[in-house]
2 protein chains.
Amino acid sequence: MTLKRSSIPLLGLLTWRPMSGYELKQEIEGSLENFWSESFGQLYPHLRDLHHAGLIEEIDDAANDSRSKRTYAITDDGRRALRHWLSDAPKTRPPRNELLLKVFFASEGDTADILLHCRQARADAMATLEKYKGIDARLKGLTKETAKARYWRMTLRFGMSQTRSLISWCDATIEELENEQTN
Amino acid sequence: MTLKRSSIPLLGLLTWRPMSGYELKQEIEGSLENFWSESFGQLYPHLRDLHHAGLIEEIDDAANDSRSKRTYAITDDGRRALRHWLSDAPKTRPPRNELLLKVFFASEGDTADILLHCRQARADAMATLEKYKGIDARLKGLTKETAKARYWRMTLRFGMSQTRSLISWCDATIEELENEQTN
DNA sequence: CCCTCCATGTAACTCGTTACATGATTCG
DNA sequence: CGAATCATGTAACGAGTTACATGGAGGG
């Protein structure tokens with residue numbers, strides 16, 4: 001009955017309100033995409049497992065609009081399990097970074113390719129940063145409505161900080177690679 | 001005959017010199033650990049696959065010290081495959097970050113726990129940064145020996161940049177969480 | 001002799017991704 | 001009526017982790 005990492009977001013989101021699998025998917029894509037990826041092929045099996053473990057329960061939604069929709073709510077056991085997970089030290093594993101792997105082995109290929117990759121990464125990061133700024137503006141307005149928004153903004157600021165750092169690394173690296181080429 | 005992501009480091013490292021599985025493992029742990037994790041239970045199967053695909057070949061090492069050691073060298077096909085991979089756009093997927101997931105759902109648990117996690121993350125990051133500085137100093141000396149060291153330093157600077165960004169995020173977040181608690 | 005390191009491997013399991021299958025409803 | 005969206009699911013595969021099994025060599 002160990003709580004799987006991939007089930008945490010489901011449990012967490014169900015503290016907001018009862019939801020169906022499909023709604024959970026939407027919320028994850030909308031709210032967690034910046035620091036969490038879910039395997040949606042596993043979503044329904046995970047819901048089934050959580051149900052069997054008694055951490056969530058199926059409710060008959062009053063507003064169930066006649067669709068073949070299953071709505072789940074978190075149980076007290078579920079809340080306990082989530083709280084327990086929250087107090088546990090997070091496991092951080094070094095993430096795989098393909099761009100860095102390419103930079104590391106750059107001398108085995110054409111450095112012009114690597115330069116392109118870095119320019120692309122910079123452009124992507126700029127776009128991401130703009131997106132974050134937009135979300136931040138919206139969250140700022142929400143802070144009066146819900147205390148949760150404070151925490152959401154913290155995660156967003158993490159993304160902004162890391163993205164800015166990425167952009168300046170790209171700048172430095174691009175410059176160095178360009179200098180090398182003209183030599 | 002698609003080149004698996006996990007096989008790339010093996011191919012890349014074999015451009016340095018012929019190596020055995022065990023040596024590859026050491027090199028990966030020593031050189032790539034900051035941006036790449038390998039599943040060492042897959043290492044030997046991957047070597048076998050690369051061998052079957054003709055991207056590496058087994059050589060009888062002259063210096064083979066009578067141990068039951070298999071030494072592999074990269075082939076021309078292997079170099080081609082690596083170069084091809086290098087020119088391909090890197091696939092970046094949003095990495096999972098458990099710390100952020102905990103911050104995101106902080107309101108469902110005890111924020112004192114989250115504060116602890118952030119303090120721990122900061123301490124870890126400080127240690128990482130010190131480690132990086134040490135490696136950078138060593139790499140600095142290597143740049144005259146091998147041109148590759150330039151690229152290695154780029155990856156290291158990425159790590160330093162991201163780690164510094166993480167530290168300042170931790171500082172800001174810790175402060176915000178502390179203020180909240182005294183209220 | 002025992003421990004550590006060198007060295008290669010397998011088995012069992014968990015996890016994650018992709019693609020597909022199915023069908024209802026809504027909107028133009 | 002056809003396309004998009006809502007909605008739930010499965011199958012097949014690919015990837016990654018952990019733990020174990022085996023044995024030689026070198027040093028204290």
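Values in this document were obtained by computation on a predicted structure and should not be read as measured data. Letters go in sequence order (proteins before strands), and every chain restarts at 1.
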field: Between C1' of C:dT18 and NZ of B:K91, the distance in whole Å
entry: 14 Å
- request: Measure the distance from CD on B:E29 to P on C:dC5 and round it to the nearest whole Å.
  value: 13 Å
field: Atom-pair distance (CD on A:E58; P on D:dA7), nearest Å
entry: 14 Å
query: What integer distance in Å separates B:L43:CG from D:dT18:P?
result: 16 Å
- prompt: So, B:Y151 and A:E176: side-chain donor and acceptor under 3.5 Å apart, yes or no?
  reply: no
field: Base versus backbone protein contacts along nucleotides 8-15 of chain D [heavy-atom cut-off under 4.0 Å; B, S, -]
entry: BBB----S
field: side-chain hydrogen bond (donor to acceptor under 3.5 Å, both in side chains) assessment of A:Q162 paired with B:S165
entry: CA-CA 6 Å; A:Q162 292 286 105; B:S165 148; 2.8 Å; yes
query: Passes side chain to side chain contact (heavy atoms under 4.5 Å, CB included), B:L14 versus B:L55? Steps please.
result: CA-CA 10 Å; B:L14 288 178; B:L55 305 184; over 6 Å; no
message: Using a strict threshold of under 4.0 Å (side-chain N to carboxylate O), is an ion pair present between B:R48 and B:E58?
response: no
- line: Which of A:F158, A:W36, A:F35 passes ring-ring contact (aromatic ring centres under 6.0 Å, His included) with B:F104? Answer is A:F35
- line: A:I8 CD1 to C:dC15 C1', in whole Å, measures 14 Å
message: Can you confirm whether the side chains of A:S20 and A:E23 place a donor and an acceptor under 3.5 Å from each other?
response: yes
